[in-house]
Amino acid sequence: MNAKHLHILQHSLGLDQYGRGTFYRNHFVTGEGSKDHGDCMALVSAGLMTVRSGNALSGGDDVFLVTDAGKAAVTEHSPAPPKLTKGQQRYQDYLDADCSMTFIEYLKYRDARDRRAA
């Protein structure tokens with residue numbers, strides 16, 4: 001699978017370039033003559049997407065949906081994410097916590113929590 005097709009599938013599903021995230025959507029809207037339409041049609045031919053004709057909601061452009069085979073292809077072909085340093089992982093944990101604390105407040109909270117658990 002080429003990188004552009006993988007990117008279209010990942011984007012359609014709301015995933016990052018490593019295939020991470022939750023499948024919070026499943027659509028890609030593009031019309032004939034656009035730069036992505038031919039690639040989407042190739043994905044349809046490969047059985048990785050389906051297409052529905054455009055309507056008023058899509059501005060007349062075709063709506064492409066990722067099939068189960070397309071989801072499996074994303075999982076198979078997405079590269080592994082880069083290894084994070086300890087500091088990068090700590091910051092990613094803070095972002096994942098999605099809390100109202102500043103980063104330093106989160107670190108103090110986490111350290112206190114870990115001390116209580118030990």
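This structure is a prediction, so every number in the text was calculated from the model and none was measured.
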- Query: Going through the checks in order, is the side-chain contact (heavy atoms from CB on, under 4.5 Å) test met by Lys86 and Gln89?
  - Reply: CA-CA 5 Å; Lys86 185 177 178 182; Gln89 184 59 58; 5.8 Å; no

Taking all non-hydrogen atoms of both residues, which atom of [X] and which atom of [Y] are closest, and how far apart?
X: His5; Y: Asp39; value: NE2-OD1, 3.1 Å
X: Ser58; Y: Asp61; value: OG-O, 2.6 Å
X: Leu9; Y: Gly70; value: CD1-O, 4.2 Å
X: Ile8; Y: Cys40; value: CG2-SG, 3.9 Å

Just wondering, are more than 12 heavy atoms of other shown residues or ligands nearer than 6.0 Å to [atom1] in [X]?
X: Leu95; atom1: CG; result: yes
X: Arg25; atom1: CZ; result: yes
X: Gln92; atom1: CD; result: yes

- Would you call the rings of His11 and His7 parallel, tilted or perpendicular, where under 30° means parallel and over 60° means perpendicular?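 Rings of His11 and His7: parallel, under 30°.
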
- Task: Could you label the plane-to-plane angle of the Phe103 and Tyr106 rings as parallel, tilted or perpendicular, counting under 30° as parallel and over 60° as perpendicular?
- Result: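 The arrangement is parallel - the two ring planes meet at less than 30°.
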
- Query: side-chain hydrogen bond (donor to acceptor under 3.5 Å, both in side chains) with Gln17: which residues, sequence neighbours excluded?
  - Reply: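 So Gln17 forms no side-chain hydrogen bond (donor to acceptor under 3.5 Å, both in side chains) with any residue.
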
- Query: For Ser78, what residues pass the side-chain hydrogen bond (donor to acceptor under 3.5 Å, both in side chains) criterion, not counting sequence neighbours?
  - Reply: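 Partners of Ser78 by the side-chain hydrogen bond (donor to acceptor under 3.5 Å, both in side chains) criterion, ordered by chain and then number, come out as Gln10.
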
For the [atom1] atom of [X] and the [atom2] atom of [Y], what is their distance to the nearest 0.5 Å?
X: Leu13; Y: Leu65; atom1: CG; atom2: CG; result: 10.0 Å
X: Met41; Y: Asp36; atom1: CE; atom2: CG; result: 13.5 Å
X: Lys4; Y: Leu43; atom1: NZ; atom2: CG; result: 10.5 Å
X: Met49; Y: Thr67; atom1: CE; atom2: OG1; result: 8.5 Å
X: Ser12; Y: His27; atom1: OG; atom2: NE2; result: 8.0 Å
X: Tyr109; Y: Asp114; atom1: OH; atom2: CG; result: 9.0 Å

Are [X] and [Y] joined in one hydrophobic group, where the rule is that I, L, V, M, F, W and Y side chains link up if heavy atoms are under 4.5 Å apart?
X: Val29; Y: Leu48; result: no
X: Phe23; Y: Val74; result: yes
X: Val63; Y: Val44; result: no

- Message: Can a donor-acceptor pair be found, under 3.5 Å and without considering hydrogens, that links the side chain of Asn26 to the backbone of Val66?
- Response: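 Between the backbone of Val66 and the side chain of Asn26 there is a qualifying donor-acceptor contact (under 3.5 Å).
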
- Message: Treating Tyr94 as the side-chain partner and Ile104 as the backbone partner, does any N or O pair qualify as donor plus acceptor under 3.5 Å?
- Response: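 Judged by distance alone, no pair lies under 3.5 Å.
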
- Query: Are the side chains of Arg110 and Arg90 in touch, meaning some heavy atoms are under 4.5 Å apart?
  - Reply: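 Arg110 vs Arg90: side chains touch.
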
